Amino acid sequence: MSLAGHQQPSQHAPELRAAARHLGRRRFLTVSGAAAALAFATNLPTAGVAGAAEFDAAKITENPFTLGVASGDPQAASVLLWTKLAPAPYQADSGLPPERVFVRWELAHDERFKHVVRRGAAIAHPEFHHSVRVEVGHLDPDRVFYYRFRTGSWISETGRTRTAPSSRAHVDELRLAAVSCQAYHDGYFTAYGHLAEDDVDVVFHVGDYLYEYAVDSVGGARNYTDRVLPDLFNHETITLEDYRLRYSLYKTDPDLQAAHAAHPFVVTWDDHEIENNYADGIPENSVPPEEFLLRRAAGYRAYWENLPLRRPQRPEGADMRLYRRLDWGRLAQFDILDTRQYRSDQAYGDGADVPGPESDDPARTITGSAQERWLIDGWHDSQALWNVVPQQVIFSQRKFDLNPPSRMSMDAWDGYRASRARVLAGAEAAGIENLMVFTGDVHVAYAFDIKDDFDDPSSRTLGTEIVTTSVTSGRDGTEKPANWETYMAANPHLKFYNGRRGYTTVSLGREIARADFKTVPAVTTPGAPITTAASFVTEVGDQGLKPA
């Protein structure tokens with residue numbers, strides 16, 4: 001979603017244009033061509049990482065763990081651990097030479113590491129900007145663990161993670177959090193500080209972890225008086241170096257670091273990790289497709305380097321398989337979607353419009369045909385009580401006005417109604433009774449009933465949609481936005497609407513699910529308290545949100 005007042009014209013770097021000209025669109029639109037173009041533009045070796053020399057970690061004189069630690073995608077028998085070496089995070093080389101660095105890791109049952117269950121060594125490769133990921137297997141299910149990294153004389157902070165229950169386990173409850181949209185320049189990540197202290201099992205980030213827009217010397221709305229940010233952040237991200245440095249800026253935030261250290265994250269992107277409202281290989285701005293795909297390849301690579309993702313998610317050029325499935329025993333199946341990489345171009349030039357023949361063309365898709373089949377096939381095989389879909393943009397119908405017919409968002413599922421109809425028909429055919437969708441993107445909190453016919457309030461309720469507000473995007477916001485009355489009247493299936501910043505927790509149980517919308521009064525000043533703005537429940541076998 002665009003942030004008014006921040007968007008600027010894209011100034012593509014010369015190396016992107018050179019790489020695009022060097023390869024041409026036909027060669028670029030292959031995995032091997034994209035990988036070759038990325039290497040050409042960034043001086044990365046195409047043959048892998050075997051040639052890098054080894055760096056003596058004893059020579060590291062500054063803390064290399066400035067970007068913290070993280071874990072992600074918990075499975076029943078394994079955890080994924082992440083860190084990145086960056087003694088100088090605001091430098092392009094992060095303060096390290098282009099050599100590989102050995103990093104040791106430990107996994108324990110206790111915070112003091114008296115009962116270490118696994119330990120080993122990993123390599124921080126310069127080709128991946130000295131990021132480290134370790135997949136630790138053969139672990140007990142449904143267990144909390146603590147982890148840390150060492151290199152040279154330095155020890156990272158301690159992170160806390162956990163394994164999921166075994167696939168056949170009858171779990172009574174899962175408590176999770178949903179977050180989205182964290183524009184650094186729009187305020188402090190105060191919500192993450194509170195989330196770090198919250199008692200949740202896992203955090204789902206549903207997009208816009210990063211924003212491509214410039215961050216000035218005072219951090220935008222943060223209005224720093226105790227530091228001056230380097231000029232290298234004060235332009236739009238275009239190249240691999242740009243994206244890497246922007247992640248370094250975001251990940252030096254102490255509240256974000258605290259949340260990552262406290263909980264495993266499951267992440268998926270939206271648009272701003274690359275560029276606002278891009279669609280598949282189609283950019284927002286008028287640049288050659290091969291040039292944009294090179295930018296997309298750079299953004300995807302930096303995303304993988306900086307987030308706790310497993311090896312199947314490693315990108316190849318401009319392609320990255322981000323949609324995937326996680327289970328929490330027999331209680332919940334999570335189908336994490338990517339509604340950005342494979343979608344048809346937005347209808348009617350994007351923006352708000354009345355749906356019509358162009359947007360409703362059955363050939364149009366927001367997921368791509370392969371992902372759509374994967375989702376529906378997974379529902380047919382599901383043994384879970386709750387089937388949850390973390391994804392990016394508003395799934396339910398959302399009318400913007402009271403006119404007949406009403407304008408809707410062409411970037412959301414309203415602009416791809418045939419896709420939505422196929423997905424809901426697939427859920428019904430698979431016998432999915434307890435469907436829940438997690439969404440971000442719009443910088444406000446919503447609670448929707450998903451209706452069989454959104455224009456008929458008396459039609460069956462097929463599931464619920466929980467839209468988490470932004471962490472910062474949109475700055476402080478307001479509890480009741482100016483269009484509150486219009487939206488509530490135009491959308492009877494909309495049960496809650498709040499414009500403050502924060503996050504949402506959801507407890508999935510054997511009989512009910514409960515959503516708590518948590519907000520802070522301000523993000524442009526640090527240290528704001530958190531409150532629960534509203535709570536709703538929906539019952540197993542009787543979908544529909546009711547105030548708790």
Side-chain angles (χ1 to χ4, degrees), residues 49 52-74 78-91 93-140 143-163 189 192-193 195-197 203 244 247-265 305-310:
V49 297
E54 182 181 339
F55 180 67
D56 182 3
K59 296 180 180 179
I60 300 176
T61 59
E62 301 291 334
N63 176 23
F65 298 110
T66 57
L67 305 183
V69 299
S71 67
D73 283 20
S78 71
V79 295
L80 183 283
L81 312 178
W82 175 96
T83 193
K84 189 174 179 181
L85 305 183
Y90 296 171
Q91 293 178 195
D93 63 2
S94 296
L96 290 171
E99 299 173 356
R100 45 197 176 100
V101 182
F102 275 87
V103 179
R104 299 195 176 278
W105 57 268
E106 294 178 299
L107 187 76
H109 285 315
D110 63 303
E111 290 184 83
R112 301 182 68 180
F113 291 85
K114 289 187 175 182
H115 303 285
V116 174
V117 292
R118 295 282 190 282
R119 55 166 53 96
I123 298 174
H125 291 291
E127 291 84 358
F128 298 113
H129 214 219
H130 292 106
S131 59
V132 178
R133 68 195 65 240
V134 178
E135 295 188 38
V136 187
H138 306 291
L139 299 174
D140 292 333
R143 184 77 188 255
V144 171
F145 296 93
Y146 298 88
Y147 63 96
R148 64 186 179 187
F149 298 90
R150 300 170 180 258
T151 192
S153 61
W154 299 94
I155 303 176
S156 75
E157 68 177 302
T158 296
R160 179 182 181 274
T161 190
R162 61 168 300 138
T163 49
F189 292 164
Y192 274 128
L195 177 55
E197 301 296 324
V203 176
R244 283 170 164 171
Y247 279 105
S248 292
L249 174 63
Y250 277 54
K251 293 180 81 69
T252 52
D253 183 276
D255 288 327
L256 178 57
Q257 285 193 17
H260 271 300
H263 313 297
F265 272 57
E305 289 174 349
N306 284 280
L307 289 167
L309 290 160
R310 292 178 181 264

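The model shown is predicted, which means the values in this text are computed figures rather than measured ones.
Taking every heavy atom of both residues into account, Glu62 and Pro87 meet most closely at O-CB, 3.9 Å. In this structure, Glu135 and Leu80 approach most closely via the heavy-atom pair CG-CD2, 3.3 Å. Counting all heavy atoms, side chain and backbone alike, Leu67 lies closest to Ser248 at CD2-O, 3.7 Å. Of all non-hydrogen atoms in Arg133 and Leu307, the two that sit nearest each other are NH1-O, 3.1 Å. Residues Ala124 and Val103 come closest through the heavy atom pair CB-CG2, 4.2 Å. Here the closest heavy-atom approach between residue Tyr90 and residue Leu249 is recorded as OH-CD1, 3.6 Å.
Side-chain atoms of Thr163 come within 3.5 Å of backbone atoms of Asp140 as a donor-acceptor pair (strictly under, hydrogens ignored). Between the Gln257 side chain and the Thr66 main chain, a donor and an acceptor come within less than 3.5 Å of each other. Put simply, the side chain of Trp82 never gets that close to the backbone of Gly68: no donor and acceptor are under 3.5 Å apart.
Rounding to the nearest 0.5 Å gives a distance of 11.0 Å between CZ of Phe265 and OG1 of Thr161. The structure places NE2 of His125 at 4.5 Å from CD1 of Ile123, a figure rounded to the nearest 0.5 Å. Distance CD/Glu305 to NE2/His129: 7.0 Å, rounded to 0.5 Å. Considering CG of Asn63 and CD1 of Ile155, their distance stands at 11.0 Å, rounded to 0.5 Å. Within the model, atoms CZ of Arg162 and OH of Tyr146 stand 11.0 Å from one another, a figure rounded to the nearest 0.5 Å.
In this structure the side chain of Arg148 never reaches within 4.5 angstrom of the side chain of Val69, judged on heavy atoms. Leu81 is listed as a side-chain neighbour of Phe149, based on a closest heavy-atom distance under 4.5 Å. Lys251 is listed as a side-chain neighbour of His260, based on a closest heavy-atom distance under 4.5 Å. In this structure, Leu139 and Arg118 have side chains that are in contact, with non-hydrogen atoms separated by less than 4.5 Å. Residues Arg150 and Ser156 have side chains not in contact (no heavy-atom distance under 4.5 Å, counting atoms from C-beta outward). Proximity of Pro64 to His130: side-chain heavy atoms (C-beta onward) are nowhere separated by under 4.5 Å. Side-chain contact between Asp255 and Leu195 is absent, with no heavy atoms from C-beta onward closer than 4.5 Å.
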Determine, stepwise, if the pair Tyr147 / Trp105 fulfils side chain to side chain contact (heavy atoms under 4.5 Å, CB included).
-> CA-CA 7 Å; Tyr147 63 96; Trp105 57 268; over 6 Å; no

Would you sort out whether Phe65 and Leu85 count as a side chain to side chain contact (heavy atoms under 4.5 Å, CB included), showing the intermediate values?
-> CA-CA 6 Å; Phe65 298 110; Leu85 305 183; 3.7 Å; yes

Does the side chain to side chain contact (heavy atoms under 4.5 Å, CB included) test come out yes or no for Ser71 and Val79, once each step is laid out?
-> CA-CA 7 Å; Ser71 67; Val79 295; 5.7 Å; no

Stepwise side chain to side chain contact (heavy atoms under 4.5 Å, CB included) check, Glu54 with Phe102 | CA-CA 8 Å; Glu54 182 181 339; Phe102 275 87; 3.4 Å; yes

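Remark: aromatic rings of His109 and Phe145 are close, center separation under 6.0 Å.
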